[in-house]
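Just so you know, these numbers come straight off a predicted model, no measurement behind them. If you read the sequence from its start, that first residue is 1, and numbering goes on from there. We count ligands from 1, going down the list as the structure has it; atoms in each ligand are counted the same way.
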Amino acid sequence: MPRTCLTTPIYYVNDKPHIGHAYTSLAADVLARWKRLSGHEVFFLTGTDEHGQKVEKAARDAGEEPQAFTDRVSQAFRDLTATMGFSNDAFIRTTEPRHRHACQELWRRLAARGEIYLGGYEGWYAVRDEAFYGPDELTERDGVRYAPSGAPVEWVTEPSYFFRLSAWQERLLEFYEANPGFIAPASRRNEVIAFVKAGLQDLSISRTSFRWGVPVPGDDAHVMYVWLDALTNYITALGWPEEGEAWRFWPADVHFVGKDILRFHAIYWPAFLMAAGLEPPRRVFAHGWWTNEGQKISKSLGNVIDPVELVERFGLDPVRYFLLREVPFGQDGDFSRAGLVNRTNGELADVLGNLANRTLTLIAKNLDGRLPAPAAPGRALGEALSGLPARVGAHLDAQEFHLALEAIFAAARAANVDITEQAPWALRKTDPARMAVVLRQLHDALRVLGTVLQPFMPGTMALMLDQLGVPAGARHLGALDAPLPEGHPIGTPAPLFRKVEA
Ligand code: MSP
């Protein structure tokens, strides 16, 4: 069986989940579901990033012990997976003993291979980003220096272990060259390559200024730099270093990340892995950022979008659909409620919902709820449907979620044109045999649409396939080649999408 391993970033537990977290995981979820429908064995991983100064500080501010604090906030991310309908196969927390074990083992291997040395670190550090910045990256306002992210930085001096990242510059460039699909989209790849070509410095990978982290093996005064700790989650979750049953999923096929954390995944992570003698992941895809009604999303502006509230208001599947339909994956985009309302009403309810309801109601009323004999579709509809699953699959393999949905909805619109032009309701009296043919063609089209849309809108498409009468075992992509037999009963038609008010 072919295998696919997909990951989301592990989310910081310093705050409750927002739309950005839901978005990265949603993309991974849709691809995971698609791969399962295609017959792949899938390992889809998500989790929480629980160490570091930022979390230590958030716990202190909340008046809690770090472990109790992370237990509580991590649960909110687990709850989010349920709210959003994510189908992750595992959820990792970096405070688990197996993860500490993996981090320490990775460290030992890097040390044994001479990739780590003890030095001293001085630099501008942003606690909020858990990252150091060069002086030229900073801006100054009222005596405070800020990182490009807007986080304030402070001057930090401490002993630190270093990873010999500078020694990996050429090998990284060779790796990117040999693996053109490693960084996507292409514009991001160019950015990363330019950054690496400009020269890499050794990376500080330990801290003595706080305690909430994985202790460095053999030197308890240090805890590991949170990114080394965090990135290791991807292999911990697959059982490394024991390399048991789940290890066969490595290397990961796609690490889904936001553009802000691409550098860590596309430079540090493959360097750590290669330095430890492990294979790098196959691809890192960096998506863009959402603004809210044209404004940057930030806690201080008070415009953070709560995915739970959104789902309660609009329903899960319209939200899932909208997030991947509205903006090309990889680009920044603007979240607007008007946009969500328009797409829900204009595309889901008017195009797809209407098509399903009209077709199924006619079959229920006029054909006793039984399918007529299979019939090839007319030319326009046939073209829109032809090879649709393969086209959707190709788009999803390239993480072009919006293009996959565009192709699916082009076919849905073609079916809508078809039903309007052929007017099966009028054929009932004039040419009932023709009516049966048209309804069968539309039923077949709906079955294809419902099948390929499952990863995007799992709940609603399950209902649609129930109404179409598609048996549970015949909802995978391979089943589309076998038509349902003549006389097969459909389910009970009912509206699939409710229109929402602006
Ligand atoms: N803990 C690190 C990741 C470690 S992975 C080994 C981290 N966590 S995070 O919680 O801050 O962010 C997780 C994801 O949310 C990132 O992929 C980030 O891009 C995404 N988003 C945060 N705000 C966002 C938007 N406004 N829009 C879209 N995604 C955004 O980084």
Decide, yes or no, whether a salt bridge links R113 with E115 under the criterion of side-chain N to carboxylate O below 4.0 Å. no
Proximity flag H265 to ligand 1, non-hydrogen atoms under 4.0 Å: yes
Closest protein heavy atom to atom 22 (C) of ligand 1, given as residue, atom name and distance to 0.1 Å: H18 CE1, 3.5 Å
Does F264 come within less than 4.0 angstrom of ligand 1, counting non-hydrogen atoms of the residue? no
Under 4.0 Å, counting heavy atoms only: does W269 come that close to any atom of ligand 1? no
Nearest non-hydrogen atom to atom 18 (C) of ligand 1 belongs to which of V257, T291, D260? D260
Are R337 and E309 close enough for a salt bridge, meaning some N to O gap below 4.0 Å? yes
Tell me the protein heavy atom at minimum distance from atom 14 (C) of ligand 1, and give that distance in Å. Y11 CE2, 3.7 Å
Less than 3.5 Å between some nitrogen or oxygen of W289 and one of ligand 1, yes or no? yes
Report yes if the distance between the aromatic ring centroids of Y321 and F409 is under 6.0 Å, otherwise no. yes
Heavy-atom nearest neighbour in the protein, as seen from atom 8 (N) of ligand 1, with distance rounded to 0.1 Å: Y12 CD1, 3.3 Å
If the threshold is 4.0 Å, N to carboxylate O, is there a salt bridge linking R171 and E174? no
Any N or O of I10 closer than 3.5 Å to N or O of ligand 1: yes
Do the charged groups of R413 and D350 touch, with an N to O distance under 4.0 Å? no
Looking at the rings of Y23 and F329, which for Trp means the six-membered one, are their centres under 6.0 Å apart? yes
Looking at the rings of Y121 and F132, which for Trp means the six-membered one, are their centres under 6.0 Å apart? yes
How close does the nearest protein non-hydrogen atom get to atom 17 (O) of ligand 1, and which residue and atom is it? G258 N, 2.8 Å
Would you give me the side-chain donor-acceptor pairs under 3.5 Å for residues 280-287, sequence neighbours excluded?
unit_1: R282; atom_1: NH1; unit_2: D253; atom_2: OD1; d: 3.3
unit_1: R283; atom_1: NE; unit_2: G181; atom_2: O; d: 3.1
unit_1: R283; atom_1: NH1; unit_2: Q399; atom_2: OE1; d: 2.5
unit_1: H287; atom_1: NE2; unit_2: T24; atom_2: OG1; d: 2.8

Could you name the option among N233, I261, D49 that has the heavy atom nearest to atom 16 (C) of ligand 1? I261
Can you find an N or O of H21 that's nearer than 3.5 Å to an N or O of ligand 1? yes
Please report which non-hydrogen protein atom sits nearest to atom 27 (N) of ligand 1, along with the residue it belongs to and the distance in Å to one decimal place. W290 N, 2.9 Å
Give the residue, atom name and distance (to 0.1 Å) of the protein heavy atom nearest atom 21 (N) of ligand 1. G20 CA, 3.7 Å
